[in-house]
Number of protein chains: 2
Amino acid sequence: MNLAQLPAGPANSIDRGSKVPLYHQLYEILRGQIVTCQWKPGDMVPPESQLVDQYDISRTTVRQVLDMLVNDGLVFRQRGRGTFVTQPTLNHGLSRILSFTEDMRQRGLTPGTRVLLSEVVGAPLEVADHLNVLPGVELAHLKRLRLANGEPLSVEDSYLVHRYCPGVLEHDYASSPLRETLERRYSLRLSRAQQTIQAVAAPKELARLLDVRLNAPMLHIERVSYTPQDVPVELLHVFHRGDRYALYNELLG
Amino acid sequence: MNLAQLPAGPANSIDRGSKVPLYHQLYEILRGQIVTCQWKPGDMVPPESQLVDQYDISRTTVRQVLDMLVNDGLVFRQRGRGTFVTQPTLNHGLSRILSFTEDMRQRGLTPGTRVLLSEVVGAPLEVADHLNVLPGVELAHLKRLRLANGEPLSVEDSYLVHRYCPGVLEHDYASSPLRETLERRYSLRLSRAQQTIQAVAAPKELARLLDVRLNAPMLHIERVSYTPQDVPVELLHVFHRGDRYALYNELLG
DNA sequence: TAGTGGTCTAGACCACAAA
DNA sequence: TTGTGGTCTAGACCACTAA
């Protein structure tokens, strides 16, 4: 059995007997084409008429799926021309959960990582609260220094509920994204997250790690990520150097 | 002619002869009911079947409109129960353009304002660039100190293209929101905005105004707002005290 | 059981872009 | 002219909620 031939990921055909709605199945299929880069930015998505024929689904349902992808920012439509895969957006970190690697690539920077700490700990009270577990429950704690073009940019402090991903710390997170391991090895997909963003002053340890003066301004993000079943899995604290990192997003009136 | 009887805002009936799509007309009508608080948070929106009858529009189209309102975060649906107006969300400042007043109300704080500066100036180079006008073009410049429960919280620096709203500075912005004046007096609706968010150190003047020490961490937001025709109207710089203000939002995987 | 939203179909006609 | 997406209709059957 070869994992590459049978990815745990999305199927590529519709199962009419399944209880999963057709539009949801088709959504997973098309989304899979895009996130795996089988359809690349700028590529035209098959026209609605072709999707209707190919999957034997009504145009209304096909359009519902495309609407979802448009909402996700994965594709855009042009009347008379077609539907196209979006160029990676500039909505840095404020609409989709990005790994540090993805974020840096989008900014045209080369990512680097140094693992500072990797240990299993009992959940501190405040962390337990965010992850909806009892204090003392085993958590995987991973602390990493992030570099952009070799320069220190951020410090990430990650707490994972260990029973959902036992042995998670045995992998190497200097080179491969944590989210990738969670998805591949533990089938843990983080589909949703809540975060707060604040400006804070760098304490001594952070200042030293990031090579800034004491009390330098930092962008602090606290994020809790959830599975599709709304189970909280990860509490993440990120501290970005204020002089080197900005968030960008778009608002509606 | 009484403005209260004939608001410039949305009509409340469908015009089948109009070139504006039905779904868009219905969207404006329903959205109007909500933003004017004729339908209040928690209220049930008329069931789809009733909207179908009332406006003589097919259910598919009615559902398309409700989908848009759901996407806007204005309503949510519950199968078997109905569709309801949302409680004002906690997505503070990261998905909809909020006035300071709205923002404070959502946080349960009492807003206050002191106008620091109000003048017409020639556009500086950097500002002109953001607003897509030539350097030197007349801009209305408004600088305000914002208070929460009487304590200094933020400083807002606003630049408006003066020819779109001549005389805008003659109104009183200590008590009424700028956006409200723009919409009522000048029919300028800000429907979209782009912003960047950064942590910065408080310079001397800001530190004095906000009663923090020099170089204290501040959350800096730079925002350009656009009309529905994509004309940039306002460049806004906001500086929030880092210890008293946080942003919150939700992400998708 | 009655009323709600959730899913899905098979059409129709239109506006726009490109050849 | 052809092919694309944009708008709209009139149904159908289902799943869930509440009385």
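Lettering of chains follows the sequences in order, A, B, ..., and the numbering in each one begins at 1.
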Rounding to an integer number of Å, can you tell me how far [X] [atom1] sits from [N] [atom2]?
| X | N | atom1 | atom2 | value |
| --- | --- | --- | --- | --- |
| A/Tyr55 | C/dA10 | OH | C1' | 21 Å |
| A/Tyr23 | C/dC8 | OH | P | 7 Å |
| A/Arg79 | D/dT7 | CZ | P | 6 Å |
| B/Phe84 | D/dA18 | CZ | P | 9 Å |
| A/Arg59 | D/dG6 | CZ | C1' | 7 Å |
| A/Phe76 | D/dT4 | CZ | P | 16 Å |
| A/Glu48 | C/dT9 | CD | P | 14 Å |
| A/His24 | C/dC8 | NE2 | C1' | 16 Å |

Problem - Salt bridge flag under 4.0 Å for residues B/Arg77 and B/Glu48 - result: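 A salt bridge is present here (some side-chain N lies under 4.0 Å from a carboxylate O).
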
Below 4.0 angstrom from OP1 or OP2 of [N], is there any side-chain N or O of [X]?
| X | N | result |
| --- | --- | --- |
| A/Ser49 | D/dT4 | yes |
| B/Arg63 | C/dG6 | yes |
| A/Arg77 | D/dG6 | yes |
| A/Thr83 | D/dG5 | yes |
| B/Ser58 | D/dG11 | no |

Quick check against the 3.5 Å criterion: does [X] have a side-chain atom that pairs as donor or acceptor with the backbone of [Y]?
| X | Y | answer |
| --- | --- | --- |
| A/Arg223 | A/Thr196 | no |
| A/Asp53 | A/Gln50 | no |
| B/His24 | B/Pro21 | no |

Problem - Closest-nucleotide 5' rank along DNA chain D - winner of A/Pro47 and B/Gln64 - result: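 With B/Gln64 and A/Pro47 compared, the 5'-side residue is A/Pro47.
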
Exercise for the section: Describe the nucleic acid contact of B/Leu66 in one word from base, sugar-phosphate, nothing, applying a heavy-atom distance below 4.0 Å. Expected result: nothing

Practice task
Would you mind classifying the nucleic acid contact of B/Leu22 as base, sugar-phosphate or nothing, using non-hydrogen atoms under 4.0 angstrom?
Solution key: sugar-phosphate

Handout entry: Comparing A/Asp56 and A/Arg81 on DNA chain C - which has the more 5′ nearest nucleotide
Key = A/Asp56

Exercise for the section: Can you establish whether the number of heavy atoms outside B/Arg184 located under 6.0 Å from its atom CZ is more than 12? Expected result: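 Not more than 12 within 6.0 Å, no.
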
